[in-house]
Visitor: 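The structure is given below, and queries will be raised subsequently.
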Amino acid sequence: MKNRVMIIGGVQAGKSTLMNALLGKDRQAEKTQALVFNDWIVDTPGEYIENPMYYRNIMATSLEVTHVIYLQDATSSRSVFPPQFSLGIPKIQIGVITKIDAPLADVDRATALLQHVMTHGPIVKTSSWQNLGIELIAPLIQLNTNEEIRQFVKDRDSPYLIYSS
Ligand SMILES: Nc1nc2c(ncn2[C@@H]2O[C@H](COP(=O)(O)OP(=O)(O)OP(=O)(O)O)[C@@H](O)[C@H]2O)c(=O)[nH]1
Ligand SMILES: [Mg+2]
């Protein structure tokens, strides 16, 4: 399987804007109504994770990907994921925090929220608007083991990237 990532996170959390930034598309994201397969990215509607009725769609779609991005909005004080949600999806986990540029962003809070969702893995702190941290994501999706990812995080030594274990 070609490496591919599914992005999951709450409604309006910045998933589609991130996808556009990753694909170099300079257009404004519209509300996502259904699964969107775009090159190496699968974008999901926020409702898929906010409503447990849709969990089966997430599980089914995860079979099509090698990696999953668990996305947390830095301006939100709550997590939309059940605790340890990543345990149910046997794919490489990547945490992404969005909107770190926002005046009300709390990156430490977002990091702590993601650490309840992911058992381990990299967490990337990003702003799609200001193009911060974005360039770290595509290389992570090319890595196939957590050991390689851990080494990548160490080598990059970036303020926008940590490895949480
Ligand atoms: N400040 C700031 N706002 C952002 C950023 N990225 C996205 N937004 C805003 O957040 C809102 C939601 O963005 P979307 O990308 O549509 O969110 P989504 O997660 O795809 O939402 P759904 O499709 O409804 O699940 C929009 O108003 C974006 O402009 C960012 O990096 N910084
Ligand atoms: Mg969307």
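Worth knowing before you read on, the calculation uses all heavy atoms, side chains too, and leaves out hydrogens, waters and symmetry mates. Remember, it's 1-based here, ligands and their atoms both numbered in the order they're listed.
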Visitor: Quick check on Asp39: does its CG atom have over 12 non-hydrogen neighbours (other residues, nucleotides or ligands) under 6.0 Å away?
Guide: yes
Visitor: Looking only at distances, can you tell me whether any N or O atom of Glu47, backbone or side chain, sits closer than 3.5 Å to an N or O atom of ligand 1?
Guide: no
Visitor: Answer yes when Lys31 and Glu47 have at least one side-chain N-carboxylate O distance shorter than 4.0 Å, and no when they do not.
Guide: yes
Visitor: Any nitrogen or oxygen of Gln12, side chain or backbone, less than 3.5 Å from one on ligand 1?
Guide: yes
Visitor: Would you compute the distance between atom CG of Asn38 and atom CG of Asn20 and round it to the nearest 0.5 angstrom?
Guide: 8.0 Å
Visitor: Tell me, please, if Met19 has any N/O/S atom, main chain or side chain, under 2.8 Å from the Mg ion (ligand 2)?
Guide: no
Visitor: Mind checking the CD1-CG spacing from Ile92 to Leu143? Nearest 0.5 Å is all I need.
Guide: 8.0 Å
Visitor: Check this for me: does any side-chain nitrogen of one of Lys15 and Asp43 sit under 4.0 Å from a carboxylate oxygen of the other?
Guide: no
Visitor: Begin with the C-alpha distance, continue with both residues' side-chain angles, and end with the deciding distance and a verdict on side-chain contact (heavy atoms from CB on, under 4.5 Å) for Val5 and Trp40.
Guide: CA-CA 6 Å; Val5 66; Trp40 54 277; 4.0 Å; yes
Visitor: Considering only the protein, which heavy-atom contact is closest to atom 17 (O) of ligand 1, and what is its distance?
Guide: Gly14 N, 3.1 Å
Visitor: Looking at atom 23 (O) of ligand 1, what's its closest protein heavy atom, distance included?
Guide: Thr32 OG1, 2.9 Å
Visitor: Any nitrogen or oxygen of Ala13, side chain or backbone, less than 3.5 Å from one on ligand 1?
Guide: yes
Visitor: For atom 31 (O) of ligand 1, grab the closest protein heavy atom and report residue, atom and distance to one decimal in Å.
Guide: Ser128 N, 2.9 Å
Visitor: Would you mind checking which non-hydrogen protein atom is closest to atom 29 (O) of ligand 1, with the distance to 0.1 Å?
Guide: Trp129 CZ2, 3.3 Å
Visitor: Assess Ala21 for proximity to ligand 1: is some non-hydrogen atom of it under 4.0 Å away?
Guide: no
Visitor: Checking Asp155 against Gln151 for the side chain to side chain donor-acceptor pair (under 3.5 Å) test, could you report, in this order, the C-alpha distance in whole Å, the side-chain angles of both residues, the deciding distance, and whether it holds?
Guide: CA-CA 6 Å; Asp155 293 345; Gln151 191 60 45; 3.1 Å; yes
Visitor: Confirm or rule out an N/O/S atom of Thr17, from backbone or side chain, lying less than 2.8 Å from the Mg ion (ligand 2).
Guide: no
Visitor: Do the non-hydrogen side-chain atoms of Ile49 and Thr44 ever get within less than 4.5 Å of each other?
Guide: no
Visitor: Looking only at distances, can you tell me whether any N or O atom of Thr44, backbone or side chain, sits closer than 3.5 Å to an N or O atom of ligand 1?
Guide: no
Visitor: Pairs of nitrogen or oxygen atoms closer than 3.5 Å, one from Leu18 and one from ligand 1: do any exist?
Guide: no
Visitor: Out of Gly46, Ala105, Ala102, indicate the one that has the non-hydrogen atom closest to atom 25 (O) of ligand 1.
Guide: Gly46
Visitor: Just wondering, are more than 12 heavy atoms of other shown residues or ligands nearer than 6.0 Å to NZ in Lys154?
Guide: no
Visitor: Quick check on contacts: which atoms of ligand 1 are under 4.0 angstrom from a heavy atom of Asp101?
Guide: 1 (N), 2 (C), 30 (C), 31 (O), 32 (N)
Visitor: Evaluate the criterion side-chain contact (heavy atoms from CB on, under 4.5 Å) for residue pair Arg4 and Val42; output intermediate values, then yes/no.
Guide: CA-CA 8 Å; Arg4 192 187 272 159; Val42 185; 3.8 Å; yes
Visitor: Give the atoms of ligand 1, by number and element, whose distance to some non-hydrogen atom of Val11 is under 4.0 Å.
Guide: 24 (O), 25 (O)
Visitor: Would you mind checking which non-hydrogen protein atom is closest to atom 16 (O) of ligand 1, with the distance to 0.1 Å?
Guide: Ala29 CB, 3.8 Å
Visitor: Using a 4.0 Å cut-off to any heavy atom of Lys15, which atoms of ligand 1 qualify?
Guide: 15 (O), 17 (O), 18 (P), 19 (O), 20 (O), 21 (O), 22 (P), 25 (O)
Visitor: More than 12 heavy atoms of other residues, nucleotides or ligands under 6.0 Å from OH of Tyr55: yes or no?
Guide: yes
Visitor: Run the numbers for me: atoms of ligand 1, each under 4.0 Å from some heavy atom of Ser127, listed by number.
Guide: 31 (O)
Visitor: Between CD1 of Ile123 and OG of Ser164, what distance do you get to the nearest 0.5 Å?
Guide: 4.5 Å
Visitor: For atom 14 (P) of ligand 1, what is the nearest protein heavy atom, given as residue, atom name and distance?
Guide: Thr17 OG1, 3.5 Å
Visitor: Looking only at protein heavy atoms, identify the closest one to atom 22 (P) of ligand 1 and say how far it is in Å.
Guide: Lys31 NZ, 3.5 Å
Visitor: Could you tell me how the ring of Tyr54 sits relative to the ring of Tyr48: parallel (under 30°), tilted (30 to 60°) or perpendicular (over 60°)?
Guide: parallel
Visitor: Quick check: Lys99 and ligand 1, any N/O pair under 3.5 Å apart?
Guide: yes
